[in-house]
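Have a look at the structure below before the remarks.
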Amino acid sequence: MAAEIYLFPCLKDNFGVLIHDPASGATASIDAPEAAPIEAALQKTGWRLSEILVTHHHGDHTAGIGELKARHKCRVVAPRAEAARVAHVDETVAEGDKVRVGALEGRVIETPGHTSGHISYFFPADKLAFVGDTLFSIGCGRVIEGNPEMMWHSLLKLRALPDDTQFYCGHEYTEANIRFAKTIEPNNKALAARADEVAKLSAAGKPTIPATIGAEKAQNPFLRADVAEVAKSVGLAGSPAWKVFAEIRERKNRF
Ligand code: ZN
Ligand code: FE
């Protein structure tokens, strides 16, 4: 049976997301920004929390774990490289490891850069990816613990997923990301189309995700650092892609 998804806001601009296996009733929360909205989501759906799948150690992704675990006795899965920085961990995972939510099977993709041990979860049967603060729609996470080359390689791993993969990220940053992206590629028609779509979603009070990997390849400047035109637009024609990525990231930091 296909996975079911429930998406909802948490904190100021975080997303909460539940992935549910209707066959077994198992449900995972991707990260746990805060307990209350996740409890409300469980109430609303009637789903049983069996797992918390942690992408990285930051407080806005982990603060709700203790309370949720105490109430639901759920299993907490976290990146091995950050296990010491996440409380209440039951199981640690690394590149290629399988993660089960009932009958659903996800695969761990290491995507360091935002933090040194950041991981993403990909569920191939449903083509769903949970990418935390590595990839955002029309953006990417700040490179806090890693370096730009590391982050670029992490983004390439996500970009290599099937085009029709729907991805869920940690934050609603899409509108601001689009304003910045237009400074890098003012003539990108796919980006302009996405801007129209996002304006409508925002006006209707709707989330701008999930987005697909295929669409982002055409729209997101951070996934386009190896496109000649993008390199040229930041004055780095002929430079290695990761350097172009680093320049775009640096400009976004100052934007
Ligand atoms: Zn973070
Ligand atoms: Fe975050």
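Ligands are counted one by one from 1 in listed order, and the atoms in each one are counted from 1 as well. Throughout, numbering of the chain's residues begins at 1 and tracks the sequence.
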Quick check on the hydrophobic clustering: are Trp152 and Val143 connected, directly or via other members, by side-chain heavy-atom contacts under 4.5 Å? yes
With the threshold set at 4.0 Å, does a side-chain nitrogen-carboxylate oxygen contact exist between Asp226 and Arg159? yes
Is His61 close enough to the Fe ion (ligand 2) to have an N, O or S atom under 2.8 Å? yes
Rounded to 10°, how big is the angle at the Fe ion (ligand 2) from Asp60 OD2 to Asp133 OD2? 170°
Basic-acidic side-chain contact under 4.0 Å: Asp97, Arg107: no
Do His61 and His118 have ring centres separated by under 6.0 Å? no
If you look at His171, which of its N/O/S atoms is nearest to the Fe ion (ligand 2)? NE2
Passing option when Tyr6 is tested against Thr45, Ile38, Ile19, Thr27 for side-chain contact (heavy atoms from CB on, under 4.5 Å): Thr45
Run through Met151, Met150, Glu247, Glu149 and flag the one making a side-chain contact (heavy atoms from CB on, under 4.5 Å) with Trp242. Glu149
No waters, cut-off 2.8 Å: how many protein N, O or S atoms are close to the Zn ion (ligand 1)? 4
Using modelled atom types only, decide if a donor and an acceptor are shared between the side chain of Lys157 and the backbone of Glu110 within a distance under 3.5 Å. yes
